[in-house]
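First comes the structure, then the notes that go with it.
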Number of protein chains: 2
Amino acid sequence: MKSAVKAQQAEDSAETGAQQIRDAIREAIVERRLSPGTKLSESDVGNLFNVSRTLARAALQALSYEGLVSVEKNRGAFVAYPSPDEARQIFAARRLVEPGILREAAARITPGDISQLRQLLLEEGRLMSERGQTARRAEIKASGDFHLMLAEISGNAIMQRFMEELVARSSLVIALYGQSTASSCGHSEHGDIIAAIENDDLDRACQLMLHHIAHIEADLDLRERKSLGLKEAFEL
Amino acid sequence: MKSAVKAQQAEDSAETGAQQIRDAIREAIVERRLSPGTKLSESDVGNLFNVSRTLARAALQALSYEGLVSVEKNRGAFVAYPSPDEARQIFAARRLVEPGILREAAARITPGDISQLRQLLLEEGRLMSERGQTARRAEIKASGDFHLMLAEISGNAIMQRFMEELVARSSLVIALYGQSTASSCGHSEHGDIIAAIENDDLDRACQLMLHHIAHIEADLDLRERKSLGLKEAFEL
DNA sequence: ACGCAAAAAATCGTATACAATTAGCCGTCG
DNA sequence: CGACGGCTAATTGTATACGATTTTTTGCGT
């Protein structure tokens, strides 16, 4: 799975400082070590990675393009705090594209791909039973990787990159609005989808995928709670 | 249409130099005043807009995230030169998402939206009959705006941004591989799609959209012609 | 005249420095 | 006692400077 995209700039591909920082921060956000709303000042980021503000700034700008941090002019960068409406749009986008990706992936899937998917599933299950923060974080990533791997199999680098953005932002949304202590993704549903693909039952696989996404979304509490109303917070 | 997205950083929204440059270059690329492969050195861009290399660099980096320019480490930035395979992926992505966007848009479309779409169509037709470079460029933009407006009507800012990227990159592809001198888009097909939406015939609208995209793609010559081989160029 | 190697030029990568804007603080005034 | 105003500190926006890498040129030898 780490063979990820890296589509453009094929040849030299030596990540240029800023990209390393960007990736490190992104990973921290996706694994929820950084909470939504956390301030990411350019100086702090620079000091943390022992680079100049120039590179820190570049990394933050890059993350802002992916929707993972929001930079406010003359105020600074913050880990994105998606509104309930944004959250709905993210999942609407996933419902819109994932069935299509699934179809494309099913059309070109190889036995090797399937065994890789199964292995991912196994790993996911193993992490799920473990205790501890680090296992939990790895599990969060693994459950997203299932969706990303389908995108990779589809062979469309553009859709793959888009899915990476959607999965990452989903992680933020779940961190903010998720209710169940249970992990992010219904684990068994992933297995069902693979099974449907193997049976060449594409329609069923797509339907399962839609249910799966709906299931994740159903676990969210997307009520507008704009800093607790500031009035309602004390009147009750 | 210019009410565009601008989702993040809602409040002050005063574009910060680099963004202005980015938009200017993007417009130049989409309108095909800049050809694929053109070198965009940071110094040149900076001088052209009377800003420092810092801002020029930021703008180019931003464009690289959108896939409109490719930056090669220690070599420079160039207007993207999508490979035939990339071109296919771009159109595959459009086939994958545009029907879905169309369905979402149809669900929330208002009479006002329809009249705006019609007006866009009229403008497009007017420009099509005119002669001259500037009219041609405006037409290119207008034909893309039809698709973008549907995305805007769909109410999903994320899908809208993605469509903006896809339309812009499509323009590059057409510039590179387009054959017919005729414009980029079958104009009448846009009208047919609107008509189908008005008749609440969603399935037909989606089918028309798919045909429309296929039609654009059919006008491309996507054979691998890697700088004409340097040998084959003279042996025939 | 051709090819190769070393130097020169140009360009990018990163750091530092300065200017502009914002946020917090404190003192004064009503 | 609360509110307003200006000042200071912190943070971002932009420019300039320096080092590294690549490309081109140039000059020498064969």
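Since the model is a prediction, treat every value here as computed from it, not as a measurement. The sequence lines fix the lettering, A, B, ..., with proteins before strands; numbering per chain opens at 1.
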field: Note: A:Glu217-A:Arg95 ion pair, threshold 4.0 Å (strictly below)
entry: yes
field: Heavy-atom pair with the smallest gap, counting every atom of B:Glu27 and B:Arg33
entry: O-NH1, 4.4 Å
B:Asp44 CG - C:dA9 P separation (whole Å): 18 Å
message: Under a plain distance cut-off of 3.5 Å, with no hydrogens placed, do A:Arg108 and A:Ser154 share a side-chain donor-acceptor pair?
response: no
field: Atom pair distance, as rounded to whole Å: CD in A:Glu72 and P in C:dT21
entry: 18 Å
- line: Separation of C:dA20 atom C1' from A:Lys73 atom NZ, nearest Å, is 10 Å
message: Any heavy-atom pair between the side chains of A:Met149 and A:Ile153 that's under 4.5 Å?
response: yes
- prompt: Should B:Arg161 and B:Glu165 count as an ion pair when the cut-off is N to O under 4.0 Å?
  reply: no
message: OP1 or OP2 of C:dT21 versus the side-chain N and O atoms of A:Arg75: is any pair under 4.0 Å?
response: no
Phosphate-side-chain proximity, A:Thr16 and C:dT14, N/O vs OP1/OP2 below 4.0 Å: yes
message: Just the rounded figure in Å: distance from C1' of C:dT11 to CZ of B:Phe78.
response: 10 Å
Pairs flagged by salt bridge (Lys or Arg N to Asp or Glu O under 4.0 Å) wherever residues 76-92 of chain A is involved - sequence neighbours left out: A:Glu86-A:Arg169
- prompt: What's the CD-P distance between A:Glu42 and D:dT14, to the nearest Å?
  reply: 11 Å
field: Close residues, residues 49-57 of chain A, relative to DNA chain D [heavy-atom separation under 4.0 Å]
entry: A:Arg53, A:Arg57
- prompt: In whole angstrom, what separates B:Asn47's CG from D:dT14's C1'?
  reply: 15 Å
message: What is the separation between atom CG on B:Asn74 and atom P on C:dT11, rounded to the nearest whole Å?
response: 13 Å
